[in-house]
Every structure is written in C-alpha cells, then in structure tokens.
Amino acid sequence: MAKQAAKTAITPTREEDYPEWYQQVVKGADLAENSPVRGCMVIKPWGWGIWENMQRVLDRAFKETGHVNAYFPLFIPLSFFEREAQHVEGFAKECAVVTHHRLEPDGEGGLKPAGPLEEPLVVRPTSETIIGETYAKWVQSYRDLPILINQWANVVRWEMRPRVFLRTAEFLWQEGHTAHATKEEALEETMKMLDVYADFAENVMAVPVIKGEKTPAERFPGAVNTLCIEAVMQDRKALQAGTSHFLGQNFSKASNIQFLNAEGKQEFAWTTSWGVSTRLIGALIMVHSDDDGLVLPPRLAPKHVVLLPIYRDASERSGVLEYVNDLANELRHVPYFDGKIQVEVDDRDIRGGDKVWQHIKKGVPLRVEVGPRDIQSNSVFVGRRDQGPKEKKAVPRDEFVATVAKTLDDIQTSLFNKAAALRESVMHPVDSLVEFEAYFTPKNPDKPEIHGGFALAHWADDPAVEEKLKELKVTARCIPLAGPEEPGKCIFTGKPSNKRVVFAKAY
RNA sequence: CGGGGCAUAGCGCAGUCUGGCUAGCGCGUCUGCUUUGGGAGCAGAAGGUCCUCAGUUCGAAUCUGAGUGCCCCGACCA
C-alpha cells in the first residue's frame, strides 16, 4: 500500500510557518544550500540559472542606457574606507577585514596567519570608496564626464542573522557607479536606473513594486538621497528589491573627484550608485511560490518546458523518445521573450510521480507528458505551474507548439496579476497611532501569524517616530513617488505632513 | 557582545541520569528485481575519530575539568 500522499509538496505550508516554508521551497527546488561557512551559501545550478537570466536581462538594460562593465578590486584599503564619515558609521560593524597575507605552521600541526599587512584591507561591502579613488584619477576635465560604469561582483557584509538569498554574508550583485558634471544629470541618472529596476521587477520578475524615496533614517550611509523599489511578500512583509542612490558630492569630496569645468574652474563631480543582488531570488520565491514549491515567471525560468516521456517497457520507449525528442527540437526553435524556448527532456529512470513532483517543486512553467496514448492521438498532456497539479489537459501537438510562447506569456501575466492583487489587498491607509499599533500587532506574539501589511500613514521626520517604530518592529519603507500630495498630520507627533509614507515590517 | 540550550551516520533522533556484549532507530543514499498516466514495493549494501584535549576508572558516547563549534532569544542589519 502506498503511504498517504502529502496534501502539499512543501511542508509546512505558508500559513503554518512561513519562514520554514521558505527554506523548504529553496530546498525542494534545489536552488541553494547552506555551506560550511556560516552565512555563505552554495548556489546550485537551478538557482544559478535564475541568476544568469536576471544578469542577462539587466545587463542588456544597463548597456541600453549607456553603461559599460568593468571590474574593481575585492579589497579596499582601510584608509579609503575611512574617508566618508557616514559611510564608515553605516558599514563598520559588518566588515570582514584582512590583516595577514601568509600562513605558517603553528607548531601543532595546523596553520596560523603570519605576515601582518602594513594596512588592513576591508573586503568590499560596497565599492563607492575604491571606485571613487579610481575615478579621481580618470577625471580631470568636464570632457571626461560622465563616467557610466557597472560591475558584477560579490560583496561581503558580516550579517548576524543570515537567511539564504535574503541576507547572506557573501552575496552577488551588480553595482553601478556613475560620475557627472552636474547635479541635475546625476539626479536624472538616479531616477533613470530606478526606472530600469522597476521595469525589470514588474515585466520580467512579475513582481509589482512601489517606487519611492527612503526616509533619512533608512538612507544609504553617505548618500544625499536613496530611491528604492519595495515589494510585498506573501506574508505581507516588505522587501527592498533595488536601490538607486544620489550621492551628491559627498563621495567625490571624500575621494577628490575633481574636474575643470568649461569656465576653467575646479568642481567636484556628482556621483550616483545603484544595485540589485541575489536577494531578488528571495523576492521571486516569496512573491510567487505556493505550498507545492517554487513558481517561476517564465521570463526568468532556466527551462520553460519539461517533456516527460511515459512508457512501460523498452518496446514503447524508443517510439515515445523519438516523438518527444522531435517535439523538443521543434520547440527549441520557437522564439520566446529575448531568446528561444528552453526545453528539457527528462528521461531519468525514476518513478513517474516522483519525477513530476520534482519539476513542480522547481517551478518549471510547463510540464508536458507524452505517452503512447497521446502519440496515437497526436496530442500532448499539459500542466501549467500557475494552476493546480491535477489541472492538466490534452492539447493537439501542433496547437501546443503554435501557442507555447503565448501560454508562457499568459503565465507571466497571471503571476503578475496575482501579485498585484495581493499588493492591493494589503495596502491600508492608517490615520491614527492606535490603529497603526493594532495593525502591526500579531494575535500570537510567541509565534506571530501572518499579519500587518503596507500601512500608508502621515509622518514627520522626528526621533520619536523612530523610537515607536523600533518598538513595533516596523520600518518606514519609502515615501512613494507616485503618492498624491495630501495634507495631514503625522500620526506619531501630530506635526503637519503633506504625503503618506509606506510602513511595513521588512526583510 | 549579554542570557539560555545543544554537540552520536548525509539529515532527524534514541542511548548519557544509574559507566559494561560488536553503539542503535527513522528518513535519505546506493545496487538488484518487480512496478510506472500521479509522490511505489520487496531484498540487499554502504556509511560513525559518539565535537576536541586532558583526567577518573579494569573499562567512558555515558562521570569530571578545560576548550571549540553550532542553534535560539536580545543587540545589530544602508
């Protein structure tokens, strides 16, 4: 007797234990695993495939907006790092520092660090300082500007509470660093890249975002202004999915990026920086996935279609495989998004049900079963990942091939719409502190249930507000750019306010 | 950095209190056979410095001491 099949592929469900569900989705989809180094993860091929797709699409967007790629060192001399006071304050506590350059026997069979460095090296938590130092050498005249460079790199921030993809000690990202002759141009760049991110999140990740400006307390250390995109996860918490910083002249003064303008006067350049990281994969998981595992938007899925040959014995096998391989080859020529349909034929010798569930847990958008019966009727049996695992239907083979790209677009759209509906359902105007507190207080404080959401409330920049927010474990996510001007009173201090701010618990 | 807990097979655990046969169990892994349109069954196999070091003892996974690592709660997290 087969044992009772679990109702969902992932246990626990989102409702039962959201953080644990997240970890099980990552495991079930074979995206990544924890490594022997605390806080550092091994990204496995399926997870890496998603990141590669993100990189490809973003990289093209950066090139289309006039940027080029380059690479700067992993190590930053401590003295560079010290130059921008705010920057130091923000990052000092999470820096890994290299102090030695050699190992030697410790006399007990092991090794110990030897050869102390004259100046310690900080493993980059971000590269403003080292890139600023380099730009200072490159820039002499207004004719050398703008500099529009991006780099793909790893960075290290020694986090106390790591979580796979969402907060890891080492993570991968891209960081754009630009220098401009005028403030206006730098501001325009900051906004332009925010739009690139928002467009990517919505059209490629199928994740609706709120574009906004950070409050002073949440700003990047050393920035004049930080813009961000914020997304709603299924547990109603917020996740910052991308940031774009207007750095003013803070870093150019710290690194001495000066140029001679057209009037022959020395000026400091205006700089920006902007980045997104492997954290986006965490966002992808928490926005779309369900209790059966990962759900991938087709535009980022490493494979769009998995073909599952079904046969009983060797005599059936060759016929089915021939049919399936033929179908795979035809599909591989079908254009989709910015390339072709990616197809996997899974003929591994493992039990059928187990195999199908593996692909469900990995979030492959389309599963196609082909057995002797289907071949007889020249049709295929199709399951969509955005629908239930049992909702499958027979489709004539040629129709499937002709409509596969459109079907993937449908899935992409349905995922976006579902996420947009979720976001709408958790946006909530709040007009009093009492209401605010109630909104963000779980019924069960020991094991908080899914609660809260995105509270839109009037706000004033005041230390008392920070105090209250900390108590509730809520943060000001952003001042939405699109939010209407609306006179009101700060719900914390009673001070006048002309716009609502988004508040939420956050990752 | 403060408070608490844990350390035995890849993972989850029992055994420790009360020292004593060859250190077990579940899951997973591997192999074979039977199965396969929905998460299989049977048979077999591999896999352990019982965290480390020192001590007590005829004998230590078990008792004692020191060390190390990890987890949870706080602090911290642009």
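Computed from a predicted structure; not experimentally measured. Within every chain, numbering begins at 1; the chains are lettered A, B, ... in the order of the sequence lines, protein sequences first and strands thereafter. As a basis for the values below, the full set of heavy atoms in this structure was taken, side chains included, without hydrogen atoms, waters or symmetry mates.
Of the nucleotides present, none pairs with B:U49 by Watson-Crick or G-U wobble criteria with both distances under 3.5 Å. Nucleotide B:C1 has B:G74 as its partner under the Watson-Crick or G-U criteria, with both atom distances under 3.5 Å. Searching all strands for a Watson-Crick or G-U wobble partner of B:C6 with both distances below 3.5 Å returns B:G69. Judged by Watson-Crick or G-U wobble contacts below 3.5 Å, the nucleotide B:U16 has no partner. The partner of B:G26, taking Watson-Crick or G-U wobble pairs whose two distances both stay under 3.5 Å, is B:C11. Of the nucleotides present, B:G41 is the one that pairs with B:C33 by Watson-Crick or G-U wobble criteria, both distances under 3.5 Å.
Each of A:Gly353 and A:Asp313 lies near RNA chain B, and the nucleotide nearest A:Asp313 is the one positioned closer to the 5' end. Of the residues near RNA chain B, A:Phe171 and A:Ile360, the one whose nearest nucleotide (by heavy atom distance) lies more toward the 5' end is A:Ile360.
A:Glu133 pairs by the side-chain contact (heavy atoms from CB on, under 4.5 Å) definition with A:Phe80, A:Arg83, not counting sequence neighbours. Taking A:Leu78 as the reference, A:Glu82, A:Glu119, A:Pro120, A:Val122 meet the side-chain contact (heavy atoms from CB on, under 4.5 Å) condition, with sequence neighbours excluded. A search for side-chain contact (heavy atoms from CB on, under 4.5 Å) contacts involving A:Ala186 returns A:His180, A:Phe246, A:Trp270, A:Thr272, not counting sequence neighbours. In this structure, the side-chain contact (heavy atoms from CB on, under 4.5 Å) partners of A:Lys192, at least two apart in sequence or on a different chain, are A:Thr65, A:Glu189. Taking the side chain to side chain donor-acceptor pair (under 3.5 Å) definition, one finds that A:Glu15 meets it with nothing, sequence neighbours left out.
The separation between A:Glu20 atom CD and B:G12 atom P is 12 Å, rounded to whole Å. Computed from coordinates, the A:Leu307 CG to B:G37 P distance equals 19 Å when rounded to whole Å. One atom, NE2 of A:His359, and another, P of B:G39, lie 15 Å apart when rounded to the nearest Å. A:Ile310 has its CD1 atom 5 Å from the C1' atom of B:G37, to the nearest Å. In this structure, the CZ atom of A:Arg348 is 15 Å from the C1' atom of B:U36, given to the nearest Å. Atom CD of A:Glu466 and atom P of B:C76 are 12 Å apart (whole Å). The CD-P distance, from A:Gln24 to B:G12, rounds to 12 Å in whole Å. In this structure, A:Asp349 places its CG atom 13 Å from P of B:U35, rounding to the nearest Å.
Comparing the same atom, P, in B:G2 and in B:G15 gives a spacing of 32 Å after rounding to whole Å. For the C1' atoms, the distance linking B:C1 with B:U18 amounts to 40 Å, nearest Å. Rounded to the nearest Å, the gap between the C1' atom of B:G47 and that of B:U29 is 9 Å. Rounded to the nearest Å, the gap between the C1' atom of B:C13 and that of B:C21 is 24 Å. The same atom, P, is picked in B:G4 and in B:A9; the two are 27 Å apart, to the nearest Å. The C1' atoms of B:A60 and B:G65 are separated by 15 Å, rounded to the nearest whole Å. A distance of about 13 Å separates the P atoms of B:G26 and B:G44, rounded to the whole Å. Using atom C1' as the reference point in both B:A7 and B:C53, the two lie 16 Å apart (nearest Å).
The closest donor-acceptor contact from the side chain of A:Lys361 to the backbone of A:Ile10 lies at 3.5 Å or more, if one exists at all. Looking only at distances, no side-chain donor or acceptor of A:Trp152 sits under 3.5 Å from a matching main-chain atom of A:Gln55.
Nearest nucleotide to the A:Arg373 side chain, out of B:C77, B:G39, B:G37: B:G37. The nucleotide whose nearest atom lies closest to any side-chain atom of A:Arg312 is, among B:G37, B:U36, B:C77, B:U36.
No contact: A:Tyr311 has no heavy atom under 4.0 Å from any strand. Using a 4.0 Å heavy-atom criterion, one finds that A:Pro372 contacts the bases of the nucleic acid, with or without backbone contacts as well. The residue A:Arg219 sits close only to the backbone: its heavy atoms come under 4.0 Å of sugar-phosphate atoms, none of a base.
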N/O to N/O distances under 3.5 Å, protein versus nucleotides 43-45 of chain B:
none

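Heavy-atom distances under 4.0 Å link RNA chain B to A:Phe91, A:Glu94 of residues 81-94 of chain A, given in residue order. Contacts between residues 123-136 of chain A and RNA chain B, counted as heavy-atom distances below 4.0 Å, involve no residue at all. Residues from residues 272-294 of chain A placing a heavy atom under 4.0 Å of any atom in RNA chain B do not occur.
Within the structure, salt bridge (Lys or Arg N to Asp or Glu O under 4.0 Å) contacts touching residues 224-242 of chain A (residues at least two apart or in different chains) are A:Lys214-A:Glu230, A:Glu230-A:Arg477. The ring-ring contact (aromatic ring centres under 6.0 Å, His included) pairs that include a residue from residues 304-323 of chain A are A:His304-A:Tyr336, where partners are two or more places apart or lie in different chains.
The ring of A:Trp274 has its center closer than 6.0 angstrom to the ring center of A:Phe62. Between A:Phe400 and A:Phe381, the ring center distance fails the sub-6.0 Å criterion. Checked against the 6.0 Å centroid criterion, the rings of A:Phe436 and A:Phe492 qualify as a close aromatic pair. The aromatic ring centres of A:His451 and A:Tyr439 sit 6.0 Å or more apart.
Residue A:Arg351 places at least one side-chain N or O closer than 4.0 Å to OP1 or OP2 of B:A40.
A:Lys499 places none of its side-chain heavy atoms less than 4.5 Å from the side chain of A:Glu213. Residues A:His87 and A:Thr126 have side chains in contact (heavy-atom distance under 4.5 Å, counting atoms from C-beta outward). Side chains of A:Ile147 and A:Thr178 form no contact here, defined as non-hydrogen atoms less than 4.5 Å apart. Between A:Phe503 and A:Thr475 there is no side-chain heavy-atom pair separated by less than 4.5 Å.
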(message) I need a per-nucleotide contact map over nucleotides 69-75 of chain B, read 5' to 3'. Cutoff is protein heavy atoms under 4.0 Å; write B for the base, S for backbone only, - otherwise.
(response) --S-BBB

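Note that CH2 of A:Trp21 is 10.0 Å distant from OG1 of A:Thr13, once rounded to the nearest 0.5 Å.
When all heavy atoms of A:His177 and A:Tyr135 are compared, the pair lying nearest together is O-OH, 2.7 Å.
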